[in-house]
Amino acid sequence: MNVWFGEEAGDGWKIAGTTPEELAAYASRAESTRPTGSPDFERIAIDAGLCSSPAEYLRLMHDTAMLVARSRIQALLSARDADIVQSIKALDTIHDAYNEVSERLTEWYGIHYPDRKARPQEIITSILSLAPGEVPPGAPLTAGDIAAMQGFAKVAQALFDERKSLEQYIMACMDEVAPNLSDVLGPLLGARLIARAGGLERLAKLPAGSIQVMGAGEALFKHIREGTPSPKHGFIYRHPMISGAPKRLRGKMSRMIAGRATIAARVDAYSGERLDLGSDVRARATRLRGGQRRPKA
Amino acid sequence: MNVWFGEEAGDGWKIAGTTPEELAAYASRAESTRPTGSPDFERIAIDAGLCSSPAEYLRLMHDTAMLVARSRIQALLSARDADIVQSIKALDTIHDAYNEVSERLTEWYGIHYPDRKARPQEIITSILSLAPGEVPPGAPLTAGDIAAMQGFAKVAQALFDERKSLEQYIMACMDEVAPNLSDVLGPLLGARLIARAGGLERLAKLPAGSIQVMGAGEALFKHIREGTPSPKHGFIYRHPMISGAPKRLRGKMSRMIAGRATIAARVDAYSGERLDLGSDVRARATRLRGGQRRPKA
Amino acid sequence: MNEITGIRSAGIDNTFYLIAGEEELLATRTSFRQDAEEFEGNFYRLWSPVTSKLSSMIIKNMKIPLRRTSRVLYLGAASGTTVTHVSDIVSDGVVFAVEFAARPARDLLTAIEPRTNVIPIIADARYPEKYPPFIDRVDFLYQDVAQPDQAAIAVANAEKYLQKGGHIVIAIKARSISITEDPKAIFQREIDTLSSKFKVLETVSLEPLHKDHLAVLCRY
Amino acid sequence: MNEITGIRSAGIDNTFYLIAGEEELLATRTSFRQDAEEFEGNFYRLWSPVTSKLSSMIIKNMKIPLRRTSRVLYLGAASGTTVTHVSDIVSDGVVFAVEFAARPARDLLTAIEPRTNVIPIIADARYPEKYPPFIDRVDFLYQDVAQPDQAAIAVANAEKYLQKGGHIVIAIKARSISITEDPKAIFQREIDTLSSKFKVLETVSLEPLHKDHLAVLCRY
């Protein structure tokens, strides 16, 4: 039998510590094997000499529980980080596998239907609706061929569907862990930065300049090694406000967005408040674009 | 309305040719829109001047049908070749995707269950049997995390299953197209050689030495460029009788098997007979292994 | 807010209606002066029925058997708004506040930091056997979780921690159980589950402030 | 084989029993001397009931209405063993021989190369509307396909090509339809399908030579 402050040994209660820190270390690991009967932990604690009054008992339990809760929240959040890292990697894997499989499928379909050009999703649909006995314009098809192609097409479809599910999972994780970063960059791009940094807290410690070029990879190394122009954007380039901006504005735009993303990551990591940084980014983008136009009369 | 030798125009029957070759070219493409009533093609053909007697009609139809049938068989067989090529590529793609996905899955699982080491299939099973509320030894798991991992694991399982289906399809194709090659090399290895050669007939034209090193790729180029030892085996190395043989026998074994595979491919491509080359290979392998032992007293 | 001109008990320890102009506003007497109104030397924290289902229940005259000395197991503590009022009420008792979502739990910790009578428990309310071992026994179970199996959660927690004769107050949210099924049917099914273990004393709809919500009071 | 000492008709044109010692062996009279036995100036090809279901049917005394002048649609020609005997029988008729599997079809072409009265058709018997346009009309449909929907295939082909009053002979293989279901139940279901379009005249089990096979003779 054990409770938050210790366990019952053969000859009485063994107290796990005297400070909230010591007690929290014990309580975090303790199995919840509640004594039978109608236990009164306070009575036991006072009898065992852990504390001398009900008020003191309450304070000690409160302080201990606060520490246990904080470390549990920390574990939950870092698990979220880890799951975001894993799921972004999973998403990339699924994405690549889908591309490979659908390319292969397009080629296979093409030997039987050389005349039809279509996007992978359309080809998947066409294959799944093939009926036995169909006489294609290209190579003949047996019922076995159709079944084999359909099995393969179903895998392509499963990969496509899983890509969507993973995206939704990542969105849900991001909404929980980093709503502000999600707001500024979109959940997938935000998740990609968290994954690259190795977690939200690590991302929050980076300066805006690093966030701006994160993922630029080769271009950045080349800049360092060979003095080519410094890359203006890494992953952030995928942000529609940057990739959609006129070329001359992209540098400014990616600097601005990286700056806002940095703030967002810090708020997410340390305060947890939900700001409306999305509107702020849109307003700044409008000003940036406006600043390039002729000033109003 | 059309029949195998031509079609009915407004003012009578238009004959598509006079030789079996001309007629076969027409009949192969003709839609089967049989005239209504109780048609008598022979009567029509004689009236239209295609032939002058029932015997002549029958001979012409027979010869034409033989040509149509031959080209149809050719198309079916080359379609089979093409499907084998596609399905071997598909198999490789699925194989790689499965490896990628299951590696990713193992890593993801590992952050929650760092203590469990297992093979991918076991990990898939473990993940699919996770119940919400489980408290893992590693990072905490929410119901959402479990659902996400299970979705991903299901894709891994689908890839695994599809790999098996494709293998079975390839086996069925090989049994139809190249049973002897299948017998000598196993269906998957045989299919891989057909795919690499670009079809059964092309494979059948290659000398045994080419078949022996087919797929050796880099090693072969290196041999040509840099004079390193000639590679002893390409894809054929995957044959269990070669990879399972003592090192000193592998060269001889792969030469023997490549020789039998060459014969098998030719029989499959040109005669279609089913020989029992498998027993022959096993008997020769036994002799090869025996020849290395002390001669019997 | 208009000036407070009077006060009357709301029928629960430490819980009052403050009279301000023509309004009567629910509030809890508190020892924490932050955001509190002073009236005749005591401090009161206003308790809006808009953001708190428990406040809503009290205003709808449910006989909530909370007392100064109650020992409360609170499931679905969220960011702690209601929890702090319960903490005010049970000034000589204790609140075990269970929440699993990390983000609101962070806010909860901030809210209860100075309140020694609130014991935070970060755990999934569906698995009461996995809570860290702080709870000995409670005589009041309050539950407001947005989960499909709400009645079952109440039963599981009561069986593990609630004393016989203790009370359960549960805010059932129909749309957490099914968004397609008729709320009436859902409520009936949940009440049936509760009835299998508890004596159902009172049910009150929380409309219009809390749409598709039903409050149920039971005795164990 | 013992020396042929006599001959008697098997009740079908060009089809005889050769008497050799104590045996009577089914054979077709042929104009192709290869692998043929000579007897009294004519040539005969032995037709084993082990490898041919049609031979089996004749030996079991089914009244197969094949004639010298029959026009036959033969579904499931395979590598042509039986087809060449039908070709012998319909010496003044024609056989449209349908086969879809490329490998046996190659052997079929070799077997019928010299036989002008056999017209090969490489196509899927399940889709008679897709055959290349050689067939005008037939008065006899023979079918031996290892497909699940055997009766339906016969019906589809008859509707497209068989003259009213023509005959259908079908060898139903229970294990091609289901390997778990009771053959009797399968046969009954297939016969029901056939009865919906044809008049079923005779059914004969092909056991023991052809396990789980039933021969059915119908008129259109």
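First the proteins, then the strands, lettered A, B, ... as listed; each starts at 1. Values reported hereafter were calculated over all heavy atoms of this structure, with side chains retained and with hydrogens, waters and symmetry mates removed.
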Practice task
To the nearest 0.5 Å, tell me how far Asp88(D) CG sits from Ser31(D) OG.
Solution key: 6.5 Å
Practice task
Name the region of Glu99(D), side chain, backbone, both or neither, that has any atom closer than 4.5 Å to a heavy atom of chain B.
Solution key: neither
Handout entry: Ile112(D) versus chain B, the contacting section by heavy-atom distance below 4.5 Å
Key = both
Completion exercise
Applying a strict 4.5 Å limit to non-hydrogen atoms, the region of Ala24(B) in contact with chain D is neither
Problem - Side chain / backbone / both / neither for Ser28(B) at chain D, heavy atoms under 4.5 Å - result: neither
Problem - Heavy-atom pair count under 4.5 Å with chain D, highest-scoring of Gln74(B), Arg80(B), Met66(B) - result: Met66(B)
Exercise for the section: Among the options Ala102(D), Ala105(D), Ala123(D), Pro104(D), pick out the one with the most heavy-atom pairs lying under 4.5 Å from chain B. Expected result: Ala102(D)
Salt bridge [X]-[Y], side-chain N to carboxylate O under 4.0 Å:
X	Y	result
Arg260(B)	Asp280(B)	yes
Asp144(D)	Lys173(D)	no
Glu37(D)	Arg45(D)	no
Arg274(B)	Asp183(B)	no

